[in-house]
Structures are given as C-alpha cells and as structure tokens.
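See below for the structure under consideration.
Throughout, protein chains are lettered first and strands after them, A, B, ... in sequence-line order, and every chain is numbered starting at 1. These values consider heavy atoms only, across backbone and side chains, with no hydrogens, waters or symmetry-generated copies.
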Number of protein chains: 2
Amino acid sequence: MAGKRTGASTGTQAGLSRERVLRSAVAIADERGLAALTMRSLAESLGVEAMSLYHHVANKEAVLDGLVEVVMAEIEEAVAGLDAPEPEDDWRTAMRRRVLAARDVLLRHPWAPSVFETRTGTSLAVARYFDGVLALMRRGGFSYDLGHRALHALGSRALGFSQELFTPDGAGSPAASEAAVAAMAEQVPHLAAMIADASHDGAVLGWCDYQAEFEFGLDLILDGLERLRAAS
Amino acid sequence: MAGKRTGASTGTQAGLSRERVLRSAVAIADERGLAALTMRSLAESLGVEAMSLYHHVANKEAVLDGLVEVVMAEIEEAVAGLDAPEPEDDWRTAMRRRVLAARDVLLRHPWAPSVFETRTGTSLAVARYFDGVLALMRRGGFSYDLGHRALHALGSRALGFSQELFTPDGAGSPAASEAAVAAMAEQVPHLAAMIADASHDGAVLGWCDYQAEFEFGLDLILDGLERLRAAS
DNA sequence: TCGGGGCGGCTTACGCTGTACGGTACGGAC
DNA sequence: GTCCGTACCGTACAGCGTAAGCCGCCCCGA
C-alpha cells in the first residue's frame, strides 16, 4: 500500500519545482488570505505532502521571500511595459506612472504589503526596484543626496502602498470604518464632524477614495521633491 | 501538592489584572522581541499558568490590542506634556513637535509598528490620537477636506514611524545593509554609487541617519500641506 | 542488459503554538 | 454552615513548522 503514487504510469509524479510551489503560494494567498498559506495547505494544493516542499524551498521563510520575488517580477514587468516620458523631460510624470503601475500590481495582491513589511532583510528584487527608481531620479537631475532623501520620503509609497491605520482594504464592509467612528463619535468629535462634512458635500461613495488619497499623498511628495531639485 | 499557591497565607494569590498582564507583555516585547511574546512566556513572567491569563484577556489578539492601547497612552502622555505653539499661531511646528514626540515613544518600543500594522480594526486609542491631529489642523485653518487628505498623506508618519523597506531598525548591524548592497553592486549600480557618494562627502556614521530622514519626509509633507492650506 | 545512485516523494515524530474544558482552593454573602 | 463566584491550575487537543529516515522510480554508466 505504501508509496502507491497516484495513477497508472505516474510519469514525473507530482512534478514539483520552486516555481510551481511559489505560483501556488501566490494563488492561495490571493484566494484565501495570507493566514491560509501554511506548508500543509500549500502541499495539498499541489497534491503532495508537506515535507516534499522542502526539496524545493529551504523553509517557510524562503516561501515568503519567493512571494516577494514573484510580486516584484510582476511589478518590473508592468513598469517595463509603460509608456512614460523620458525622465530627462519630465521625471515627475515618469515616476508617478511607475509608482501607480506598481500599485496596480499590489492591489491585485492585498497580502503583499504585510509580506514586504516582514522581510526586513535586503531582498535583491526590492533593491533592484529601488535602484530603478533612483536611476529615474538621477536622469531627472537629482543629486545622489537628494535621491537618497527622496527614497526615504517615499518609503513604501514608491512601491505603491502606504500605511493606512484604518481599514487597509477589504477588511470590513466599505463603510464599516465610518460606522465604527460614528459609534465613538463622542470620543472623536473632529473625525465624526469630518465624516459628516464629507457626506453632505461630496459624492455618496464610501466617503473615502483610497486611490485618490494615495495619489494626493504621492503628488504632495513629488511636488516637494521637484521644488528641492529645481532649487539645487 | 496540587494547588499549593505560592507562599504562606497567599492572600489575593498572584493578583493578576488586565493592566498587570499588559504591562508584562510590553516588557517582554521590549526585552526579548515580539516573537518571544507567547501566552506561556507571558504567564511565566507573571508566575502563573498560561490559562490563567484568559480570565483577564479574551485571547492573544486582545493582548495585542492592549499593547496598542498601552503605547497610545504613552504617546498621549508625551503629547500632553509638550510645549508647542498654539496651532492658530503655527500649526506646522505644533504638528511637528507632536509627531516627533510620538516617534520618541515608538523608538522605545521597536515592535510597535508591526503590531499597529496588524491591527486593522479601528482602535479607539488610535482613532482618538488622529482626532487630536485633526483638531490641531482645524485650529490651524484646515478645512475638513484638506484635513482628511492630510491624514492620508501622513499615514503612519503621523504616529511617528514610516515604512522602511530596508533594515527598519536594529535588524542587523548598523552598516549591514550597506554591505548587502555592496554585495550586489553589479545588479544595483545606482544604489551602490549613491552609497559611495555619501561615504566620501558626508560623515562616517553609518551613512544613513533614520531620524534625519524621517524628519525630512515629514517636513516635505508638512510644507506641501501648508502651501495648500494657504492657497485655499 | 543490467546495476546503482540519487532524486523526489511519503511517513513518522517532535516541540511549539493558542486555547477549550474541567477541576479546585479561596473569600464573602446569607 | 452552606453556597457561590472568582481566580487559578492541569490536562488535552488541533494545528503549526520541520528534522529524520525510508522507499520507489528514473537515468546513467558499464
């Protein structure tokens, strides 16, 4: 009974590979959330036992590193297929396009930010991306010093996400946070008033457009950087 | 033997309380890192069995929520003891002081950002803090709309931390990331050049002053907001 | 044609996690 | 004196990551 291998001739058995493992890991995280990604669930999705994975990845940390790699590859691809102005002509627009392209990718993988956050070690894929950002700024007329400061000022925003302290994304219902704030209106009068103000003068839509807010913050920073660049 | 209770008359036994539990949790995270904070280690530090904790906190999530509460209380205290200008006179300086005071607290608890990140649900303590930030901006002449956008633009920076993609803090040695970049210099020529440039013209110190970079980014955003406020 | 690695999978097992359940000692109310 | 709520302990369980060992298949060299 032992070692029956599925099916008749079996061929290359399950035919695992690092790539197939990582692809499956991304699929699980996309569909069922990062918490559902365990070595066992990952193995099961590949029709294999958990320990078999260790022939292709060192450990779970390596799987998470691989996730970052996959996402960064998607981003690099998106950035490559971009028609943005030459940085020498308009670095600001080129950068904006780049960041928003990265954001598009990240929005397809809501778990990505939290994985990036836990990977403190310098990843080659991430470093290469930032190298590209820095290259863009250099061509746009930045000194290394200002470029360095710009990278810090942008932080994760350069990759397309920012730290939202409330309802990062589809955690609750769209207007769940609005309801939460309403529930503690007495404790947070200004927030409550802000929501009330937004409700009766703006559109009806969930009072908070994260994409628009992201772009606002991004432009604020890019404008500030441009002023410093022009003055230098 | 069973149930010997420590000591003679025992009195109120171990004398746990939600407060004592949370205080101990903060101490463990401070001293041994967030990963070392388990229900068992927490119980042991209080001279108690793991399950006893559940009489004072619902579960581990509740402990983490409590951690946020404790840190926010520290921040509120630090902010309260601040001598900053009245926002009506100079909102920008008042805000700057406030954020840097919060940052001081967070630097004492390096684990705090990662806990904040995982607490997506709207926490009262955090909401109250942002309410205070918004109040400050209102007194400084912000519309609710601009205040709202400002909160988003600041994001976690309002609380004193920003998302660093490389070596958030004491992960490796001070210059570890520099060495890492050097190791892949061919793949990231611009980053390598930037480091080389910084090394020979700036001071010798680890080439990257996170506090200074944080303040740079903060000022960039505050300046941008001031321009928008003045123009509105 | 045959023999033998070694690769790739399975099985088992260990220590760790959070936590459900059921006891048990104590203090205070009646 | 009885009773009950509070606070704590002991045990147990499922699920986690992963170390160690076994076994069958494929490919390569003879």
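- B/Arg97 is linked by a side-chain contact (heavy atoms from CB on, under 4.5 Å) to B/Leu82, B/Ala84, B/Pro85, B/Thr93, counting only residues two or more places apart in sequence or in another chain.
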Enumerate donor-acceptor pairs with a distance under 3.5 Å from any side-chain N or O in residues 179-193 of chain B to protein atoms, sequence neighbours excluded.
| unit_1 | atom_1 | unit_2 | atom_2 | d |
| --- | --- | --- | --- | --- |
| B/Gln187 | OE1 | A/Arg128 | NH1 | 2.9 |
| B/His190 | ND1 | A/Asp131 | OD2 | 3.1 |

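- Side-chain proximity of A/Met51 to C/dT11, C/dG9, C/dT19: nearest is C/dT11.
- Applying the salt bridge (Lys or Arg N to Asp or Glu O under 4.0 Å) test to residues at least two apart or on different chains, the pairs with a partner in residues 48-61 of chain B are B/Glu61-B/Arg119.
- If you check residues 52-61 of chain B against DNA chain C, the residues with a heavy atom closer than 4.0 Å are B/Tyr54, B/Asn59, B/Lys60, listed by number.
- Partners of B/Glu77 by side-chain contact (heavy atoms from CB on, under 4.5 Å), not counting sequence neighbours: none found.
- Listed by chain and residue number, nothing satisfies the side-chain hydrogen bond (donor to acceptor under 3.5 Å, both in side chains) test with A/Arg40 (two or more places apart in sequence, or in another chain).
- Relative to the axis of its first five pairs, the axis of the last five pairs of the helix from C/dT1-D/dA30 to C/dC30-D/dG1 sits at 20°, rounded to 10 degrees.
- Between A/Arg32 and A/Trp111, every side-chain heavy-atom pair lies at or beyond the 4.5 Å cut-off.
- With sequence neighbours excluded, no residue forms a salt bridge (Lys or Arg N to Asp or Glu O under 4.0 Å) with B/Glu44.
- Residue contacts for A/Glu49: at a heavy-atom cut-off of 4.0 Å it reaches a base atom on one of the strands shown.
- Residues passing the side-chain hydrogen bond (donor to acceptor under 3.5 Å, both in side chains) test with B/Ser41 are B/Thr38, sequence neighbours excluded.
- Listed by first and then second residue, the salt bridge (Lys or Arg N to Asp or Glu O under 4.0 Å) pairs that reach into residues 104-114 of chain A are A/Glu74-A/Arg108, sequence neighbours excluded.
- Every residue meeting the side-chain contact (heavy atoms from CB on, under 4.5 Å) condition with B/Ala150, not counting sequence neighbours, appears here in chain and number order: B/Met137, B/Phe142, B/Leu225.
- Near DNA chain D, defined here as any heavy-atom distance below 4.0 Å, the residues from residues 35-45 of chain A are A/Thr38, A/Met39, A/Arg40, listed numerically.
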